Amino acid sequence: MSLNEQQIAKLNKVQLDDSWKYGLSEFLLSPKMDALKTFLIEEKKADKVIYPPNHLIFNALNTTPLDRVKVVIIGQDPYHGPNQAHGLSFSVQKGVALPPSLRNIFHELHNDLGVKIPKHGDLTHWAEQGVLLLNAVLTVEAAQPTSHQKRGWEEFTDHVIDVLNEQREHIVFILWGAYAQRKGQRIDQNKHLVLKAAHPSPLSANRGGFFGCKVFSKTNNYLKQHGIEPIDWQLDA
């Protein structure tokens, strides 16, 4: 997409890593993105508390640049409690109690690779190695789960997945639950590995299909097969 000076100036105002900023420029410059931005501004004018804070909305994309993505783990929307969400799917900030889904993820990781169960739920170490922890919706109103669905974020994150699908090869997409699996329907499985399992939430995981899915070992085996450095899943030193 060829950009004029006005479009470049508009993009420069977006607090987003350059690799994504220009990879996603078509959507970022679209009326749909303008409408989403207007919605968020109006919500804050109405004194609504929005999570995560502004500077962390694009944390997943800023921590894991486009050219460094090895793995994508798709979540639904951010945690809606105080101090939980920090822009990475399933992750919570240090000092915050582990949500049930994340606790189940850690148990599966331990059973799969023998990795010690961490004492915190901050997944930044994964993101820094190339694990894009992408929620389908990037903001939420405090105490109102799914409150920012169907406002434009889903189309934005569809565009993120399309860019990865088209511009990269040998990415592992981890799709837990029906929502993530619908989100990943357009992924080219001739170019990428798609791993599907039940959602790690207690209700879904206890019905079967999550525990024993071994996505962590399958991910690293695939990466190694294609000459890519595997992920160090251990969070505690």
Side-chain angles (χ1 to χ4, degrees), residues 9-21 23-66 72-103 105 120-124 126-128 131-163 176-177 179-180 182-183 199-201:
K10 186 175 180 180
L11 280 180
N12 285 339
K13 295 178 182 178
V14 181
Q15 296 179 356
L16 187 58
D17 178 85
D18 281 351
S19 65
W20 288 112
K21 189 182 294 186
L24 301 169
S25 59
E26 182 178 353
F27 189 90
L28 291 171
L29 295 168
S30 72
K32 291 179 181 178
M33 192 67 195
D34 290 338
L36 175 56
K37 183 179 178 181
T38 298
F39 163 72
L40 292 172
I41 290 171
E42 292 302 317
E43 290 290 280
K44 290 181 179 179
K45 282 182 180 177
D47 291 328
K48 294 182 180 180
V49 177
I50 306 300
Y51 297 133
N54 268 7
H55 70 285
L56 293 175
I57 289 174
F58 292 126
N59 193 24
L61 300 171
N62 287 331
T63 308
T64 314
L66 173 58
V72 180
I73 299 179
I74 297 176
Q76 192 162 351
D77 61 351
Y79 296 119
H80 54 271
N83 303 314
Q84 289 183 306
H86 63 131
L88 305 178
S89 62
F90 295 101
S91 180
V92 291
Q93 300 184 72
K94 289 180 180 177
V96 176
L98 296 182
S101 293
L102 186 54
R103 192 177 298 277
I105 289 169
H120 66 85
D122 185 346
L123 306 182
T124 301
W126 296 1
E128 290 172 343
V131 181
L132 180 64
L133 297 163
L134 182 69
N135 278 317
V137 176
L138 299 190
T139 57
V140 69
E141 183 183 345
Q144 300 293 326
T146 71
S147 52
H148 287 188
Q149 288 187 4
K150 299 181 180 178
R151 293 290 183 171
W153 280 129
E154 292 92 341
E155 292 170 86
F156 172 77
T157 51
D158 279 345
H159 205 59
V160 170
I161 294 169
D162 287 345
V163 167
W176 285 322
Y179 185 93
R182 287 193 299 271
K183 189 87 173 162
H199 195 275
S201 67

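Since the model is a prediction, treat every value here as computed from it, not as a measurement. Throughout, residue positions are numbered sequentially from 1 according to the sequence presented.
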- Applying side chain to side chain contact (heavy atoms under 4.5 Å, CB included) between H86 and each of V96, L123, N59, report the one that passes.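 Result: among V96, L123, N59, N59 is the only option passing the side chain to side chain contact (heavy atoms under 4.5 Å, CB included) with H86.
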- Task: Any chance you could lay out the side-chain contact (heavy atoms from CB on, under 4.5 Å) test for I73 and L133, step after step, and finish with the verdict?
- Result: CA-CA 5 Å; I73 299 179; L133 297 163; 4.0 Å; yes
- Item | Whether K183 side chain and E154 backbone form a donor-acceptor pair below 3.5 Å |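 A pair under 3.5 Å: yes.
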- Task: Would you check if the distance from the ring center of W20 to the ring center of F58 is below 6.0 Å?
- Result: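 When the ring centroids of W20 and F58 are compared, they turn out to be at least 6.0 Å apart.
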- Task: Would you please indicate yes or no on a ring centroid separation below 6.0 angstrom for F39 and H148?
- Result: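 So the answer is yes for these two rings.
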Should the heavy atoms of other residues, nucleotides or ligands under 6.0 Å from [atom1] of [X] be counted, would the total exceed 12?
X: K10; atom1: NZ; answer: yes
X: K37; atom1: NZ; answer: no
X: Q15; atom1: CD; answer: no

Minimum heavy-atom distance between [X] and [Y], given as atom pair plus value:
X: K21; Y: L11; result: CD-O, 3.2 Å
X: L88; Y: A60; result: CD2-CA, 3.5 Å
X: V92; Y: P99; result: CG1-CG, 3.6 Å
X: P52; Y: P78; result: CD-CG, 4.2 Å
X: A180; Y: I74; result: CB-O, 3.9 Å
X: T64; Y: A127; result: OG1-O, 2.8 Å

- Would you say D158 and F27 make side-chain contact, with heavy atoms under 4.5 Å?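 Not in contact.
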- Message: So Y51 and Q84, do their side chains get closer than 4.5 Å, heavy atoms only?
- Response: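 Counting from C-beta outward, Q84 and Y51 never come under 4.5 Å.
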- Could you label the plane-to-plane angle of the W176 and F90 rings as parallel, tilted or perpendicular, counting under 30° as parallel and over 60° as perpendicular?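 Answer is perpendicular, since the angle exceeds 60°.
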Give, for atom [atom1] of [X] and atom [atom2] of [Y], the distance between the pair rounded to the nearest 0.5 Å.
X: D77; Y: E141; atom1: CG; atom2: CD; answer: 12.0 Å
X: L134; Y: F156; atom1: CG; atom2: CZ; answer: 8.0 Å
X: H159; Y: S25; atom1: NE2; atom2: OG; answer: 7.0 Å
X: K44; Y: N54; atom1: NZ; atom2: CG; answer: 3.0 Å
X: K32; Y: E26; atom1: NZ; atom2: CD; answer: 9.5 Å
X: L102; Y: S201; atom1: CG; atom2: OG; answer: 12.5 Å

- Do V160 and L66 pass the side-chain contact (heavy atoms from CB on, under 4.5 Å) test, and can you show the C-alpha distance, the side-chain angles, and the key distance before you say yes or no? CA-CA 9 Å; V160 170; L66 173 58; over 6 Å; no
- Task: Could you walk me through whether L16 and N62 pass the side-chain contact (heavy atoms from CB on, under 4.5 Å) test, one step at a time?
- Result: CA-CA 6 Å; L16 187 58; N62 287 331; 3.8 Å; yes
- Is a side-chain donor-acceptor pair under 3.5 Å present for K48 with S147?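 No pair is found: no donor N or O on one side chain lies under 3.5 Å from an acceptor on the other.
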- Task: Show your working on side-chain contact (heavy atoms from CB on, under 4.5 Å) between R151 and L36 and close with a plain yes or no.
- Result: CA-CA 6 Å; R151 293 290 183 171; L36 175 56; 4.3 Å; yes
